[in-house]
Amino acid sequence: MKWRHIDQCFWVVGYVYTIWWLLCFVAALAGFQGQVSPPPPPPGVRLRREGVTALHPVVLLPGILSGGLELWEGRPCAQPLFRKPLWPPTLSQFLQRPLCYLEHLSLHNETGMDPPGIRVRAVPGLVAADNFAHAYSFWSLLIQNLAKLGYEGKNLYMASYDWRLSFQNTEIRDQSLSRLKSKIELLFSTNGYKKVVVVPQSMGAVYFLHFLKWVETPRDMGGGGGGPGWCDKHIKAVMNISPSFLGSPRAVSNIFSAEGNDVPFVRALASGLLNFDYFGRRSLENIMQVCQTWDSIISLMPKGGETIWGDLDWSHEEGNNCDPVNKRYEEQFINNNTYNGSDDKQKKPIKYQRIISFGKAFDQIKNNNVFAHQQEIASPKTMERAKAHFSHGIAENIDDPKYSHHRYWSNPLETQLPNAPDMEIYCLYGVGIPTKRSYVYNKLSTSKKCKTIPFRIDASANGGDGVHFVDDDESVPVLSSGFMCAKGWRGSTRFNPSGMTTYIREYRHKEPPGSVLEGNIIMGNVALVEDVLRVAAGATGEDIGGDRIFSDIMRMSERINLRL
């Protein structure tokens, strides 16, 4: 009998599978016969054995991308997805209807609300963010350990919201802020008038900062009408996990070229499938256009300008100064990236220089000066919405009445913490993993189908990746996560007039074996989970050891010349 090539392939696959199965069996047998110590018990089990039990109600607040979204109304192409998770995406759903999928994740480019005929809403309850894409543990690890102490639906709540919207628009469209206020009041009154512990993550920390100002602001000024003292009465502690208080440089890249890979389906697909013209147009261009409709990304733009982030010559992180070869000023970049001629066919790039996006990068995009032709990287409509809902500066006189407007409430440098001296603020984040800090842009895109992405990250710069890294937990730089707790809010300052106590708790990436559970690196850190459990069970920041610092955040903060 003559063997065909396909028969040979099947036999090869069979041999490989059989050998792999035998190796796994031998390894398992060797591990069973050896003296393997059992893994340490989860922190919830261990604390329960020590007599620690649930005390304060807990509210979890997811960040950008980590909360589920479901479809309630859409185009005919999305009919099979009715009331099914639209986010997190599955590869099969995305490949079946890619452009339809992206259309339903987009918001209206002018209003920042629902496009006509489309309604996508946040998934309610704990299932909204317990796992990402049904396989990647996220909040589920913390929820499981809270359950070991006795937490359940009556004293544990996931405050899901549509993370695509601007913070004030979540209230206008869905009353998300009002629902959060009512839920905290209900948890407070039905759990023996015990104050609530709030655990926001990433952008959720900025969202809850907005809430702290909103809840005590009178209703006729766009607030929740809770009045002075509401926060001090209802909230014990705010335990911010990887907070993006001062923004993230990665957000600049997401608006600029969609190459920051902050979006999971970009990170998962763009490096391979989405780099091809598989869907008729460049997929990175489509994804960037979707991201530009999400006002929430604007909330993550770096805040504080050069005072916080430095400029093209220097930054407050040691060893992150720019060398003369890579250093170019913004004025050079803007002036040298103009186009000749009034006719599109005559437009040719004159010359362009390298740019490293430090303090002024967002100002370039915001002022629409990055490109002089009609299709700018950041659309004017995106910037109009940005100016209406967010601010990224530093308040000169924080008592100025203009700062009562909601656009300032999510910027810790332009708003004040509530008068709540008994409330505690925690900044919890990881260190030890290189985190993107800035990008080098100078590569002109040659694709005629990618007209809105004419510039790309220069992969030849900075050792071959075009990216500068600093220390953190792979999500937000230490400077953004830790500065407010290290200096901006420490003690009685103009941003923290009541002097509520702040704590920094850092967690090393390379800890001893058994220090990290499965799933997200920081959300699964055993020490972090234990800190949250102990505070929820009644401990204070001093009880759990006060500050826990491994990075250079304190010296870095001292180098920042900010009037307090």
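No experiment lies behind these values; they were computed from the predicted model shown.
No donor-acceptor pair under 3.5 Å is formed between the side chain of Ser480 and the backbone N or O of Pro477. Between the side chain of Thr415 and the backbone N or O of Asn411 there is no donor-acceptor pair closer than 3.5 Å. With Trp309 contributing its side chain and Gly304 its backbone, the two residues share no donor-acceptor pair below 3.5 Å. The closest donor-acceptor contact from the side chain of Asn169 to the backbone of Arg164 lies at 3.5 Å or more, if one exists at all.
Nearest approach of Trp163 to Gly67, heavy atoms of both residues: NE1-O, 2.7 Å. Closest heavy-atom contact between Val52 and Leu149: O-CD2, 3.4 Å.
The pair Arg534-Glu50 meets the salt-bridge criterion, since a charged nitrogen lies less than 4.0 angstrom from a carboxylate oxygen. Here Glu414 does not pair with Arg407 in a salt bridge; the nearest charged N to carboxylate O distance is not below 4.0 Å.
Applying the side chain to side chain contact (heavy atoms under 4.5 Å, CB included) test between Phe208 and each of Val215, Val199, Leu180, Val59 identifies Leu180 as the sole match. Applying the ring pair (Phe, Tyr, Trp, His ring centres under 6.0 Å) test between Trp489 and each of Phe483, Phe245, Tyr503 identifies Phe245 as the sole match.
Using a 4.5 Å cut-off on side-chain heavy atoms (C-beta onward), Leu60 and Ile143 make contact. In this structure, Pro42 and Lys148 have side chains that are not in contact, with every pair of non-hydrogen atoms separated by 4.5 Å or more. Contact check for Val526 versus Val529: no side-chain heavy atoms found under the 4.5 Å cut-off. Residues Met423 and Ser498 form no side-chain contact, since every pair of their non-hydrogen atoms from C-beta on lies 4.5 Å or further apart. With a 4.5 Å cut-off on side-chain heavy atoms, Asp422 and Lys195 count as touching. Within the 4.5 Å cutoff, no side-chain heavy atoms of Tyr207 are placed close to those of Ile64.
A donor and an acceptor atom, one from each side chain of Asp531 and Tyr426, are nowhere located under 3.5 Å apart.
Remark: aromatic rings of Phe167 and Phe211 are distant, center separation not under 6.0 Å.
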Trace of the ring pair (Phe, Tyr, Trp, His ring centres under 6.0 Å) decision for Tyr193 with Phe188
CA-CA 5 Å; Tyr193 299 98; Phe188 174 74; 5.4 Å; yes
After noting the C-alpha distance and the side-chain angles of Arg505 and Leu428, does the key distance pass the side chain to side chain contact (heavy atoms under 4.5 Å, CB included) rule?
CA-CA 5 Å; Arg505 302 283 292 176; Leu428 317 173; 3.4 Å; yes
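Trp409 and His210 have tilted rings, their planes meeting at an angle from 30° to 60° on a 0 to 90° scale.
Pairs of residues two or more places apart, or lying in two chains, that qualify as salt bridge (Lys or Arg N to Asp or Glu O under 4.0 Å) and include a residue from residues 538-547 are Arg490-Asp547.
How far NZ of Lys303 is from CE of Met484: 10.5 Å, rounded to the nearest 0.5 Å.
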